[in-house]
Amino acid sequence: CAKKVKLAKDDTNDLATCRVLLAELEGHQDAWPFLSPVNHKAVPGYRKVIKKPMDFSTIREKLANNRYLNLETFIIDVNLVFDNCEKFNEDNSEIGRAGHNMRRFFDKRWTELLR
Ligand SMILES: Cn1cc(C(=O)NCCCNC(=O)c2ccc(F)cc2)ccc1=O
């Protein structure tokens with residue numbers, strides 16, 4: 001077939017990689033604050049402060065409906081979960097610490113998978 005542009009990234013396995021990473025995030029012991037959308041009726045101020053809510057179940061839904069162009073757009077949504085968490089929660093709180101732990105775990109895993 002025609003010679004591929006050398007600079008094009010090979011995104012053939014991106015979907016499988018996203019599924020593996022998401023399953024590992026969901027299985028982490030500190031995932032509980034992020035498994036479903038924050039209930040803004042139960043969490044005062046959340047809707048006002050967090051402009052783009054995101055959680056693992058929404059990411060799973062988007063993945064199932066082929067809403068991610070590639071690994072990069074998936075990673076952007078995962079990082080949105082952790083950035084929202086840092087914005088809304090004290091570092092020294094149960095949910096704040098869970099967010100830092102999950103971000104550290106995610107950064108380690110996707111660099112391992114991509115290296
Ligand atoms: C990310 N974030 C979450 C909350 C929050 O209050 N989230 C409710 C967690 C309640 N969910 C559970 O306790 C749970 C869920 C699944 C499971 F398997 C076991 C326990 C508040 C601010 C914020 O920024």
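In listed order, ligands and their atoms are each counted from 1.
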Note to self: Please identify which of these residues, K51, R103, K52, meets the salt bridge (Lys or Arg N to Asp or Glu O under 4.0 Å) condition with D83.
What the structure shows: R103
Next item on the list: Look at R60 together with E26 and state whether they make a salt bridge at an N to O cut-off of under 4.0 Å.
Entry: yes
Margin query: If the condition is ring pair (Phe, Tyr, Trp, His ring centres under 6.0 Å), which residues does H100 pass it with, not counting sequence neighbours?
Written below: none
Could you tabulate the donor-acceptor pairs under 3.5 Å formed by side-chain atoms of residues 30-42, not counting sequence neighbours?
from: D30; atom 1: OD2; to: N101; atom 2: ND2; distance (Å): 2.9
from: N39; atom 1: OD1; to: K41; atom 2: N; distance (Å): 2.9
from: N39; atom 1: OD1; to: A42; atom 2: N; distance (Å): 3.3

For ligand 1, run through the N/O pairs with the protein that fall under 3.5 Å and put one pair on each line.
from: ligand 1; atom 1: 24 (O); to: N89; atom 2: ND2; distance (Å): 2.9

Side chains of residues 13-23: which donor-acceptor pairs under 3.5 Å do they make with residues two or more places apart or in other chains?
from: D14; atom 1: OD2; to: L71; atom 2: N; distance (Å): 3.1
from: T17; atom 1: OG1; to: N13; atom 2: O; distance (Å): 2.9

Checklist line | Main-chain N/O of S57 paired with D55 side-chain donor or acceptor, under 3.5 Å | finding: yes
